[in-house]
Amino acid sequence: MKKENGTKAEKITFIALSGLLIMVSLTNYGFAVKSPSWRIMNTGIKEPEVKHIQINSSDTNQIYAATKSHLYKKSTEEHSFKSIFNKSSTESEISAIYISDSILLATGSKLYESLDNGNSFKIIFISQENEKCLSVLKANNSIFLGTTEGLYYKREGQTTWNSFNGRIKSKPIYQLSSNQEYNFASSFNSVFRFTSDADVKEILSLGLDQTPEETITEEEGPKANIIDITTTGDNSPVLYIATNKGVYFSEDNGEHLKPLETSGLPYSEINSLSVIKSHGCNNTSAEFCADVFAGTNRGAFILKNKTWQQLYKGMSTNAINEVATDNEENIYAATNHGLFSLRVNEITTNSNNSEALPIKKIKSAPLKSFIAEPTISQVQKMAIEYAEVHPNKIKEWREGARKKAWLPNVSLGLAQDKNRTIGDSVYGSYTSGGQQYVGPDDKTFYDNLGWDVSLSWDLGDIVWNSDQTSIDSRAKMMVELREDILDQVTRLYFERRRLQIELQRAVDIDEITQLDSQLRIEELTALIDALTGGEFSKETENKEFTPTAAVKFDKKEDSND
């Protein structure tokens with residue numbers, strides 16, 4: 001047994017050393033990456049999940065964020081968001097927003113417009129029965145609205161809506177985008193380019209058999225194989241299309257499509273794309289002259305110099321609903337844990353050996369200061385036990401199903417028969433002597449009780465038990481749930497640890513920044529407690545550890561490294 005454990009330890013050590021050597025090699029060859037840190041910007045947003053994020057195309061200082069029921073607005077110089085729209089309780093959730101010189105907001109059945117920066121909204125479209133609004137766009141002095149029943153448009157200043165005919169008629173329109181030359185719309189399996197009702201061209205078809213009706217549910221809404229379409233937003237005719245089969249781009253408005261590099265990107269889980277064109281790029285290819293951002297269910301990614309990198313630092317969740325960029329090279333991510341932002345120019349990928357980032361010795365003092373806190377393995381165990389998704393649970397189910405075959409089916413029968421007969425008769429005769437005769441009583445009683453027990457076995461269950469099918473499906477769902485829980489609690493744990501270390505090592509930090517950091521740490525602690533049933537804080541308190549306690553370091557000693 002000791003020999004076996006030693007072998008495993010040697011394997012683990014070998015793998016760890018191999019990984020370290022690979023990291024050193026990659027660094028020496030210029031693949032070191034400096035990862036920026038996301039900054040949370042939730043102030044003023046009441047709901048935890050942000051569904052949509054838009055930057056005003058007419059004024060990039062204005063940021064708009066939408067939850068299921070509210071639309072919030074914030075300018076870059078303001079500290080917090082303000083709610084400018086609140087849907088009624090009878091309406092469906094906000095499904096799409098588009099911000100330009102006016103604000104367009106779609107709910108399940110209505111399209112609202114505001115011409116005074118959100119001070120007031122009016123309804124400009126009401127859908128037909130069972131028709132849902134999915135996307136909205138304002139371009140070329142027209143408003144375009146995509147619904148489950150097709151594409152509608154109306155000219156600026158008009159009140160009448162018209163529907164598109166031809167190949168796009170009656171198709172659900174999930175995404176809308178435009179550049180200065182064309183408009184683009186996506187249905188379930190196809191992407192169309194159009195300028196007018198009569199000028200519609202299909203530029204991409206995945207040719208999949210699945211139909212929209214098979215994927216529309218009341219709980220989740222419509223799903224599509226075309227995930228998102230976006231452009232660089234300038235005069236260049238560059239188009240990007242995200243599908244669940246890969247990402248494509250075109251440099252001629254969709255006439256010719258090329259697959260974009262997807263190595264390292266979970267493209268089957270993409271929710272949103274956004275693009276920033278690189279300034280001062282001498283390369284003529286759009287593949288090299290633009291930074292492409294992808295928001296997925298597995299985090300945020302950037303394609304920079306044909307390499308996908310995950311941008312995880314500072315973000316406490318992986319579930320990215322939508323990403324957006326502005327002209328100041330900021331990227332914003334709407335997530336299920338709020339709204340985050342980072343600066344694009346903070347992202348650096350070194351391609352020159354002389355510029356590779358050096359590997360510095362990591363001091364152990366910051367990590368030692370948290371020795372009283374539970375380790376990540378302990379926290380993961382807490383989360384698994386609280387959610388009752390331990391792998392042993394499946395093993396117990398399978399073992400129980402196997403043993404069940406040896407247990408008989410028991411049948412118990414019971415029968416009872418009762419009878420009671422009573423006859424009290426008085427009879428007789430009178431004579432001259434006055435004599436009387438009384439007959440005997442007639443009474444009959446009986447109570448019969450019978451029972452039986454039968455046992456039966458189905459020996460075929462020993463070979464295959466029908467319960468195994470149900471266990472297999474439940475096991476698959478449990479594995480997926482366990483992975484999601486572990487992924488979430490791990491990200492929360494290390495984001496909290498990163499903030500603790502930053503707060504400890506901060507020099508001359510102002511009071512507001514310190515308070516924000518401490519509140520963020522407490523927020524992350526509460527989120528971990530929610531996943532562990534409060535065991536994380538309970539374990540920390542038992543060890544008399546203060547989560548936000550600062551540890552001072554010798555700055556002179558640090559400067560010598």
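Because the structure is a prediction, the values reported are computed rather than measured.
- Between Gln62 and Tyr64, the side chains place a donor N or O and an acceptor N or O closer than 3.5 Å (distance only, hydrogens not considered).
- Side-chain atoms of Asn318 and Arg491 include a donor-acceptor pair closer than 3.5 Å.
- When only modelled atom types and interatomic distance are considered, Ser109 and Glu131 share no side-chain donor-acceptor pair under 3.5 Å.
- Considering only heavy atoms from C-beta on, Lys73 stays 4.5 Å or farther from Glu78 through its side chain.
- Using cut-offs of 30° and 60° for the angle between ring planes, the Tyr153 and Phe164 rings count as perpendicular.
- Between Leu492 and Leu531, the closest side-chain pair of non-hydrogen atoms falls below 4.5 Å.
- Checked by atom type, the side-chain pair Ser274/Thr325 shows a donor-acceptor distance below 3.5 Å.
- A donor-acceptor pair shorter than 3.5 Å cannot be found between the side chains of Thr375 and Ser377.
- For the pair Phe144/Phe194, a side-chain contact is recorded, criterion being any heavy-atom separation below 4.5 Å from C-beta on.
- When all heavy atoms of Ala294 and Trp308 are compared, the pair lying nearest together is CB-CZ3, 4.0 Å.
- In this structure, Glu373 pairs ionically with Arg497, as a charged nitrogen and a carboxylate oxygen lie closer than 4.0 Å.
- In this model, a donor atom of one side chain and an acceptor atom of the other lie less than 3.5 Å apart for Arg496 and Thr525.
- The closest side-chain heavy-atom distance from Leu105 to Leu71 is below 4.5 Å.
- Within a 6.0 Å sphere centred on CZ of Arg155, heavy atoms belonging to other residues, nucleotides or ligands number 12 at most.
- The structure places CD1 of Ile97 at 13.0 Å from OG1 of Thr107, a figure rounded to the nearest 0.5 Å.
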*Walk me through it: do His337 and Gln488 pass the test side-chain hydrogen bond (donor to acceptor under 3.5 Å, both in side chains)?*
CA-CA 11 Å; His337 281 182; Gln488 190 171 354; 3.2 Å; yes
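- Rounded to the nearest 0.5 angstrom, Glu385 CD and Glu535 CD are separated by 8.5 Å.
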*Evaluate the criterion side-chain contact (heavy atoms from CB on, under 4.5 Å) for residue pair Thr147 and Ser127; output intermediate values, then yes/no.*
CA-CA 8 Å; Thr147 73; Ser127 65; 5.6 Å; no
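- Asn271 and Asp228 are not linked by any side-chain donor-acceptor pair at a separation below 3.5 angstrom, with hydrogens and angles left out of the test.
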_Is there a side-chain hydrogen bond (donor to acceptor under 3.5 Å, both in side chains) between Arg520 and Ser316? Walk through the geometry before answering._
CA-CA 10 Å; Arg520 180 60 176 158; Ser316 57; 3.0 Å; yes
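- Here the side chains of Ile270 and Leu265 are in contact, with some heavy-atom distance below 4.5 Å.
- Proximity of Tyr98 to Ser135: side-chain heavy atoms (C-beta onward) are nowhere separated by under 4.5 Å.
- Geometrically, Arg193 engages Tyr182 in a cation-pi contact defined by less than 6.0 Å to the ring centre and at most 45° from the axis.
- When the ring-ring contact (aromatic ring centres under 6.0 Å, His included) test is applied to Phe85, the partners found at least two apart in sequence or on another chain are Tyr112, Phe121.
- A salt bridge between Lys138 and Asp101 is present, with a side-chain N of the basic residue lying under 4.0 Å from a carboxylate O of the acidic one.
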Review item, side-chain donor-acceptor pairs of residues 47-54, under 3.5 Å, at least two apart:
residue: Glu47; atom: OE1; partner: Thr67; partner atom: OG1; Å: 3.4
residue: Glu47; atom: OE1; partner: Tyr72; partner atom: OH; Å: 2.7
residue: Glu47; atom: OE2; partner: Thr67; partner atom: OG1; Å: 3.2
residue: Glu47; atom: OE2; partner: Ser69; partner atom: OG; Å: 2.9
residue: Glu47; atom: OE2; partner: His70; partner atom: ND1; Å: 2.6
residue: Glu49; atom: OE2; partner: Asn321; partner atom: ND2; Å: 3.2
residue: His52; atom: ND1; partner: Glu322; partner atom: OE1; Å: 3.3
residue: His52; atom: NE2; partner: Ser95; partner atom: O; Å: 3.3

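- A side-chain N or O of Asn253 and one of Asn179 form a donor-acceptor pair less than 3.5 Å apart.
- Thr243 and Asn225 share no side-chain donor-acceptor pair at under 3.5 Å.
- By the neighbour-count criterion of 12 heavy atoms within 6.0 Å, atom CD of Glu77 is densely surrounded, having more than that number from other residues, nucleotides or ligands.
- Between the CG atom in Leu339 and the CD1 atom in Ile45 there is a gap of 5.0 Å [rounded to 0.5 Å].
- With sequence neighbours excluded, no residue satisfies ring-ring contact (aromatic ring centres under 6.0 Å, His included) with Tyr248.
- Using a 4.5 Å heavy-atom cutoff, the side chains of Trp161 and Leu111 are in contact.
- Checking Asp529 against Ser537 by side-chain atom types alone, a donor-acceptor pair falls below 3.5 Å.
- Side chains of Leu311 and Phe293 form a contact here, defined as non-hydrogen atoms less than 4.5 Å apart.
- Around the NZ atom of Lys154, the shell of radius 6.0 Å holds more than 12 heavy atoms that belong to other residues, nucleotides or ligands.
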